[in-house]
Amino acid sequence: MEYQPFIGACISHHTSQLSLVTNNSPSRIFQVSIFIFCLICLASCRQKSDSHKPTIGLLMETLKEERWQHDRDFFVAKASSLGCNVEVAACNNDDNLQIAQAENMLAKGVDILVVVPHNGDICATIVNKAHAQGVRVIAYDRLIRNCDLDLYISFDNVRVGEMQAAYIVERAPAGNYILMGGAKTDNNALLFRKGQTNVLQPYIESGKIKIIMDQWATDWQAGEAMKHVENALTKTTDIQAVVASNDATAAGCIQALTEKGLAGKVLVSGQDADIGGCRRVVAGTQSMTIYKPIQPLAETAVEAALQMINNTIVIKAARVINNGKIDVPGILLDPVAVDKDNMRETVIASGYQKSEDVYK
């Protein structure tokens, strides 16, 4: 129904009636005045309703890393194109701050929360607080565990680990290996390791591959990875491969290898296709990276958030992922293995990185 013409017609009609009764009926004047006042209020409420935009709260672990800056930019751009507002906050690896940021967004009245959890267990608190206010929660790229999570959007992260290990094993089917995981508080790090183990275990059991170090880097810090590999290299420099779970940890591993003159001689995996990782891949010090197309991930998250705000079916949620409490509806996108041979056809062709930056 179009309210403005209707309201205008009513005001015009009753204003004309008011002129007829001005000198005869004070009560009639009062009644008509009240009626006109109510119509004006209705028009005001209608205008506010029309101007309301859905607001998505985007809670991120960090914005200090290039990869997450891409996520934010793609997410905000897609939301804006669909008429949504986005509130963005990053906790910089502080669990208490991430909870406080969620509480602040809920107090502001966001329509839904999209969370990149620093700690997948602790962020269950955010889900519980949001549900208490009737707000649903999407876990973005990392699973939130042991809660009634509404939706999980990520990549097939077990597959990521399998692709990393398979690439390395194909080129070094025997020898001494280092496993360098990420943050144990990140559920993805555990999934990557599961995928890596799926591929490596038969070689380990046969004795072809020996794991001489198996470590995890707190908060995915390159410096942590470097220290672990430096420690391993004090015992032996006879190393054939490092299965590093992302480009940041790969950078730390390669720095340690460089100090021993081993960079480019030891196979090293990675993930995220960040600019440093891509440069190391084409230079030959890092063997490969996993490219996870961020733009489709971010845009799919925005579309799903809008569908949930509008109480419609999230069409792409065709997977189910158990988070320790319930089977969570999920959307899992496909990763891409990248080395120097297909860098141009993948990362650069998609526009994720520029050729002049990678081959600088």
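When reading the values below, keep in mind they use all heavy atoms of this one structure, side chains included, and skip hydrogens, waters and symmetry mates. Keep in mind that this is a model prediction, so the values were computed, not measured.
One finds a salt bridge joining E162 and R159 here, because a Lys/Arg side-chain nitrogen approaches an Asp/Glu carboxylate oxygen to under 4.0 Å.
D150 places no side-chain N or O within donor-acceptor distance of the main-chain N or O of I138, the cut-off being under 3.5 Å. When atom types are taken as modelled, the side chain of S154 and the backbone of L332 share no donor-acceptor pair closer than 3.5 angstrom. Side-chain N or O atoms of D272 include none that pairs as donor or acceptor with a backbone N or O of D247 at under 3.5 Å. When atom types are taken as modelled, the side chain of S80 and the backbone of A77 share no donor-acceptor pair closer than 3.5 angstrom. A distance-only check finds a donor-acceptor pair linking the side chain of T258 to the backbone of I254 [under 3.5 Å]. Although no hydrogens or angles enter the test, the distance criterion places a donor-acceptor pair under 3.5 Å between the side chain of N188 and the main chain of D141.
Listed by chain and number, the residues in a side chain to side chain contact (heavy atoms under 4.5 Å, CB included) with D334 amount to none (sequence neighbours excluded). Remark: H228 pairs with no residue by the side chain to side chain donor-acceptor pair (under 3.5 Å) rule, at least two apart or across chains.
Classification of the F75-Y140 ring pair by plane angle, with boundaries at 30° and 60°, yields perpendicular.
Using modelled atom types, one finds a donor on one side chain and an acceptor on the other under 3.5 Å when comparing R344 with S355. Q101 and E87 form no side-chain donor-acceptor contact under 3.5 Å, judged by distance and modelled atom types alone.
The minimum heavy-atom distance between Q286 and G270, with the atom names listed, is NE2-CA, 3.6 Å.
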Can you give each donor-acceptor pair under 3.5 Å made by side-chain atoms of residues 296-309, sequence neighbours left out, with the distance rounded to 0.1 Å?
residue	atom	partner	partner atom	Å
E299	OE2	Q295	NE2	3.0
T300	OG1	P296	O	2.7

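The one candidate from D214, I239, V169, I204 that meets the side chain to side chain contact (heavy atoms under 4.5 Å, CB included) condition with Y177 is V169. Shown are N93, T249, D186; of these, the side chain to side chain donor-acceptor pair (under 3.5 Å) with W220 is made only by D186.
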Worksheet item: Taking it one step at a time, do H70 and D274 satisfy side-chain hydrogen bond (donor to acceptor under 3.5 Å, both in side chains)?
Response: CA-CA 10 Å; H70 283 297; D274 68 25; over 6 Å; no

